[in-house]
Amino acid sequence: MGGVVGGDAGWKLFAEGSSMAEEGVVIFVTYQTALVVRLTPTLEVYAQLSRPDGVREGSMPYTAWTCMAQPCGSSSENSPTETGERTSLLALAWDRKVQVAKLVKSDLKVYGKWSLDSSAIGLAWLDDQMMVVLTMTGKLNLFARDGTLIHQTSFAVDGLGGDDLITYHTHFINIFGNPEKAYHNCVSVRGASVYILGAMHLTVCRLLPWKERIQVLRKAGDWMGALNMAMTLYDGQAHGVIDLPRNLDAVQETIMPYLVELLLSYVDEVFSYISVALGNQIGKAEQPDDWESRNGSVHSEIKEQFTRVGGVAVEFCVHIRRTDILFDEIFSKFVAIQQRDTFLELLEPYILKDMLGCLPPEIMQVLVEHYSSKGWLQRVEQCVLHMDISSLDFNQVVILCREHGLYGALVYLFNKGLDDFRAPLEELLVVLRNSQGEIASGLGYRMLVYLKYCFTGLAFPPGQGTLPPSRLLSLRTELLQFLLEVSDRQDKKSASTSAFEGAYLNLYYLLELDTEATLDVLKCAFIEEISPEPDSSFSESGDANEEAKKEKDLMAESETMLVQKTIGALVHVLGKNTLQTDGVASYDDSEFIEAWPTKKDMGYLFEFIACYVACGRAKIPKTVLNQILEYLTSVNDSSQSVSTMSTERSKRREKQLLALLEVVPETDWDQSYVLQLCENACFYQVCALIHTIRHQYLAALDSYMKDVEEPIHAFAFINNMLLRLSNGDYTIFRSAVISRIPELVNLSRELTFFLIVDHFNDESSHILSELNSHPKSLFLYLKTVIEVHLSGTFNFSCLREEESVDVLSEKRGKESEKVLKAFLKNLSNFPKYLRHNPLHVTDDMIELYLELLCQFERDSVLKFLETFDSYRVEHCLRLCQEHGIIDAAAFLLERVGDVGSALLLTLSSLNDKFTELDTAIGNAVSKVSLSRSGSMEYFNSILKMKEVNDIRNLLQACIELCQRNTPRLNPEESEMLWFRLLDSFCEPLMGSYCNDMVSEKENHAGLVGSLGSQDEEECIIKWRIPKSHKGGHILRKLFSQFIKEIVEGMIGYVRLPTIMSKLLSDNVGQEFGDFKLTILGMLGTYGFERRILDTAKSLIEDDTFYTMSLLKKGASHGYAPRSLLCCICNSLLTKTTSSFRVRVFSCGHATHIQCELLENESSTRGLSSGCPVCLPKKNTHKSRSKTALTENGLVSSLPSRSQPAQGSTLHPHENDALDNSYGLQQISRFEILSNLQKDQRLAQIENLPQLRLAPPAIYHEKVKKGSGVLAAGESSSQVGGIQKPNKNKQLKDLKLKGSSLRFPLKSSIFGKEKTSKP
């Protein structure tokens, strides 16, 4: 159905069968827009689509509708309310733009847009998934509804083209009045065929059935395309298939026989092709020339071809889920042509990618045998790990793994298939007992890895995931019981095994292999897991919680028994070693070293046992305890020197011993003997524990104080004892602590300060006086006091709690740990106490600290003086001078105002630094060649020397000193200060030219005479650059660099002519090579600043002229009256009498001037300064009348003027006669400009002074005015005669004071500079 509505609009109804057709939903399209409208029962516009951007003007749009059934839940594009509804699709082709919209109820949404290669001339839907678009170039494009191009072909008939492609008419007129070709209704779709109506012919295009599509590709020799098309059909992703069921399962069932036949045909045809090619290649290879290499390359190429065919077959069979075809018919074809091994090897990558999860038993058998013959056991084992166990012949695979030693796969099979973790361990242990050398070692370590994975809840082999948490506890118990069982076979015992008395457990095999690794694995089995407490708030789950608690208690009890049994087994090993030690005389030393357990293994056993005994999870006999104590306190070498032991290892042993003694009963060990052992081993914390047990608290304190690495234990012990002791013991202990304050300060000044404030705050003055005899301790204590006073808090970040080596030892509940935690808690609350009780520091304490600071930390004196200001400057200066702290003394001299002395003091060490630099440069130059010493790289390396950096730091300090003090000194004093610094670095440089050269300072007497005598610095700097010095050129270059830095620092503080005069006068008669860079830098800075200033001035002048021009233009326009009547007499303004003149105000009112004069005479306010209507007619004072303009916001004041002549109109030339009456009260232009920018209303604009404007001078005229220094803010506009003397006087004052206007302002960024010659 189709038709035309209006002159140039087309419309189409829905296709037949649409649910919307009965409702009358249509689309109206014009050249500019498209409307989707519902016609019945009422007119309603659903949507409006504008013409897309880039579409040609006058182009013809084409539309097509289709209806799609939306099954429930089949599309994620629709909202839940849209599911199950019939949805309409609208396609709109406009020139080269295509849009697809979806209409659901009354909502139209565009969800697809794309562009074409040429203009569209036809559009039709094939189904709800595909559409056909015809283009002007004769192309038929098959698109998916999301814009994906499925296929493109040409529908043009041979010999025809252009207008003959398709029928059209020219009834429509475009916006330009020209006829436009319209190709509507020339494309139609019926089923799978597309009919295109041409001028002289009918073109029919159709979609091929699914089988024909594959056959076309197959006949063309495109086997890969045919197989790909087959897989696409199998997946249900092919477009436009009309002869297959809608259900995917039915589709797969229908096409499956053909797919199998297609694959077999492909394999047969390729095999036949390869056989033909093989015959030709073999014929060539049988030629005598290089027969072996040719034959090898032929076979490798043939194998590669068969591998490709097999890969295609495997992927195709896996995709269509017919692996039975792969292992039956395809495999038989490979066997028939003697390519079985090739087929088996190409299966591996697909197995590892989990594409092949199972193999038939016969294929598995052949695969394992083939890989075993090649020695690829690891590869076949990886294949087994990626297979589905449920689909394998379990017994067959287990037998294969046992026969070929695939133990990793064997473990995987038992764990995954039977949930049996013990059987693989038994299998491995049997093989381990019957193996020797590297094979036995590899099996043993594999068992250890397997055990560790099981104990930690990981599946074995690695990468197989995790074990269920519910299985973990029982699994640990099961494996530990196996390890603790007696070995049933002892056929091939080692020497240690045969000498071992009693039962030989399975665990001992692993211990003998690697004791350390085995014990680490056992630790993984005994980790205490913290489980959340069950919620007992619900009565319903009370019984379940009770049962869970009982089960947990049983598991804990069972684990404790296993730990004790394991420790007992290890103790048995220690007892066996004791027997061997008793009979060591009968053995050779080498044999004893090789016997297990070795001395190193015994150490691992001792530490393991001690760890679990300290946790309270096991008990041991006294004899073993004594062995452990002796081991932990022993040293490695025969000299019994603790210094050779590793500090970390020593601390670990001390922590273990400390934890052990706190758990073991005191009756099981000899205190005196252990104390002696600990003193020899320097285990001070253990010694302190033993003294505490004996109630020897002072001895315990002394032992704690010897532990310099962990001083926190000493202070925690003091804190605990002061809280626990009472009566006489408390007094004695308190006095002993006070007497040990100096040593405690050296141990930790922060903790000592905390101890004094917390426990001895009342005796702080006494403690301070006692510290006077210990200057170092007093200094450390005062340093802490000052830091706390400055920061207001207490920083104990440098203190750290002890770090336990073993994880288990961190969870023990010991008395020592409780004491330490209590102390740390008290310490953490100390900053809060300081915030509420600030620390007070007296001036005497500050000066005392400064004196000690000069002795012990000279580098910190200056920072302290800069921080504090409550001290006697003279006293501190004397201290700094006595101790030779130059930077601090110079700071104090600067503070009292003696800047010159501060500079001289800073420069006092310069001569020595020059001498050190001379020596360092000489030594450096003597080590390199003369040519290399002149290179820039070598000079850069010289700049990094320590001596150069020291001089640079001193120079920077002097420059900062001069810069800080220049603003508060007069110009002469500041110049003298700067030139004194400059001369200190110039004198050594000038001496390098002539040792007896006389300075010609008198030539510059007019300037330097005010700078003072130069005798002082001549006394300071006596060093000169020797003429014969090897590194003289480097030294001169360095000093030129130093002088350049000084001059750069002077710029902005000393006038540039003065600096130039100084440099030129001091170097008269010399070459300026060394000062070339400095002078060029100064000139460059001068030119840069001059150009910036002149450019800024020019911009300001231009902007001012432009702004004032706008102001004048806005202030000089004419006004039109609101009415032709006078606002006073109400008569017409156009009277015939010539004596009547008219005044028009800015507000629009107009009056006769005669009427205005009469009105003013009759009133007491005198001359009116505004509109008589707008201004209030009240008697006001003269002072108030002056504020009229202020109220209108234009100017601040307006002086009164004389009455103009009667009957005259105010003309501009009349204002000229009144200019002199303004004087200094003339209205400023800036004020007028500011009020204009505020957009305020002009009041009495006719009374404002005339604006005098002058354009900015041409640049070349500016330059010719001379090079004199201009005053800041000088303008090219004329100023009043009263203001000129003031500006000249201001300029003169600025020159006399050495103003910061040092450079001429005339410059240009557009051309070369021109200056007038004097």
Side-chain angles (χ1 to χ4, degrees), residues 704-705 708 710-720 722-723 734 737-801 820-872 875-876 879 888 891:
Y704 276 123
M705 291 176 62
V708 182
E710 294 183 356
I712 192 172
H713 296 285
F715 293 93
F717 175 75
I718 294 174
N719 180 73
N720 184 48
L722 290 176
L723 295 176
R734 181 183 178 90
V737 172
I738 294 176
S739 64
R740 290 169 171 80
I741 289 294
E743 292 81 4
L744 291 173
V745 172
N746 294 329
L747 191 63
S748 175
R749 58 186 180 90
E750 295 90 353
L751 293 178
T752 304
F753 171 75
F754 168 72
L755 183 67
I756 293 174
V757 174
D758 193 25
H759 294 283
F760 307 104
N761 199 16
D762 298 337
E763 303 181 39
S764 57
S765 301
H766 171 67
I767 293 174
L768 193 62
S769 61
E770 291 293 332
L771 288 175
N772 288 329
S773 57
H774 302 81
K776 181 65 175 178
S777 300
L778 179 60
F779 165 70
L780 294 175
Y781 177 73
L782 290 177
K783 183 178 181 180
T784 307
V785 173
I786 296 298
E787 289 177 355
V788 173
H789 174 69
L790 289 177
S791 62
T793 183
F794 182 66
N795 182 18
F796 53 91
S797 59
C798 58
L799 308 174
R800 62 182 180 88
E801 189 180 356
L820 185 60
K821 289 181 179 179
F823 177 72
L824 289 174
K825 183 179 180 180
N826 194 13
L827 191 65
S828 63
N829 296 329
F830 188 57
K832 184 178 180 181
Y833 170 80
L834 289 176
R835 285 194 294 269
H836 293 86
N837 301 277
L839 190 64
H840 299 285
V841 179
T842 63
D843 295 343
D844 295 337
M845 293 175 64
I846 293 175
E847 293 182 354
L848 177 61
Y849 173 66
L850 179 62
E851 182 177 357
L852 296 172
L853 194 65
C854 293
Q855 299 177 20
F856 298 105
E857 289 187 13
R858 298 167 56 90
D859 297 338
S860 303
V861 176
L862 177 60
K863 183 178 180 181
F864 173 77
L865 293 175
E866 292 174 348
T867 305
F868 269 90
D869 55 0
S870 58
Y871 50 79
R872 293 178 297 171
H875 175 69
C876 296
L879 288 176
F891 170 77

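Scanning for salt bridge (Lys or Arg N to Asp or Glu O under 4.0 Å) contacts around Glu851 gives an empty result, with sequence neighbours left out. Looking at residues two or more places apart in sequence or on another chain, you find a side-chain contact (heavy atoms from CB on, under 4.5 Å) between Asn719 and Leu723, Asp758, His759, Phe823, Asn826. Partners of Glu866 according to the salt bridge (Lys or Arg N to Asp or Glu O under 4.0 Å) rule, which considers only residues two or more places apart in sequence or in another chain, do not exist here.
Using a 4.5 Å heavy-atom threshold, the side chains of Leu722 and Phe760 count as touching. With a 4.5 Å cut-off on side-chain heavy atoms, Leu879 and Val861 do not count as touching. Under the 4.5 Å side-chain criterion, counting only non-hydrogen atoms from C-beta, Tyr781 is not in contact with Ile767. Residues Lys783 and Tyr849 are in side-chain contact: their nearest non-hydrogen atoms beyond the backbone lie under 4.5 Å apart.
Here side-chain hydrogen bond (donor to acceptor under 3.5 Å, both in side chains) pairs that include residues 764-773, with residues two or more places apart or in two chains, number zero.
Annotation for Pro711 and Leu747: closest pair CB-CG, 3.5 Å, computed over non-hydrogen atoms. The two atoms that bring Leu827 and Pro831 nearest to each other are O-CD, 3.5 Å, heavy atoms only.
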Discussion item. Assess the residue pair Tyr871 and Leu850 against the criterion (side-chain contact (heavy atoms from CB on, under 4.5 Å)); give the C-alpha distance rounded to whole Å, side-chain angles, the decisive distance to 0.1 Å, and a yes or no.
Written reply: CA-CA 9 Å; Tyr871 50 79; Leu850 179 62; 5.5 Å; no
Worksheet item: For Ile718 and Tyr704, what are the C-alpha separation, side-chain angles and deciding distance, and is it a side-chain contact (heavy atoms from CB on, under 4.5 Å)?
Response: CA-CA 10 Å; Ile718 294 174; Tyr704 276 123; over 6 Å; no
Fill in: CA sep, side-chain torsions, deciding dist, call: Leu782, Leu771, side-chain contact (heavy atoms from CB on, under 4.5 Å)
CA-CA 10 Å; Leu782 290 177; Leu771 288 175; over 6 Å; no
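For Lys863, the NZ atom is loosely surrounded, since the number of other residues' heavy atoms within 6.0 Å does not exceed 12.
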Cut-off 3.5 Å, no hydrogens considered: what does the side-chain donor-acceptor table look like for residues 738-746, sequence neighbours left out?
residue, atom, partner, partner atom, Å
Ser739, OG, Ser735, O, 3.4
Ser739, OG, Ala736, O, 2.6
Arg740, NE, Asp702, OD1, 2.9
Arg740, NH1, Ala736, O, 3.1
Arg740, NH2, Asp702, OD1, 3.3
Arg740, NH2, Asp702, OD2, 3.4
Asn746, OD1, Ser777, OG, 3.3
Asn746, ND2, Pro742, O, 3.3
Asn746, ND2, Ser777, OG, 3.3

Please output the side-chain donor-acceptor pairs of residues 837-846 that fall under 3.5 Å, not counting sequence neighbours, one pair per line with the distance.
residue, atom, partner, partner atom, Å
Asn837, ND2, Tyr833, O, 3.1
Thr842, OG1, Met845, N, 3.3

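Rounding to the nearest 0.5 Å places OG1 of Thr867 at 10.5 Å from CD1 of Ile786. Between the CG atom in Leu853 and the CG atom in Asp859 there is a gap of 9.5 Å [rounded to 0.5 Å]. One finds the CG atom of Leu780 at 9.0 Å from the CD atom of Glu750 (value rounded to the nearest 0.5 Å).
For Phe754 and Phe715, the distance between ring centers is not under 6.0 angstrom.
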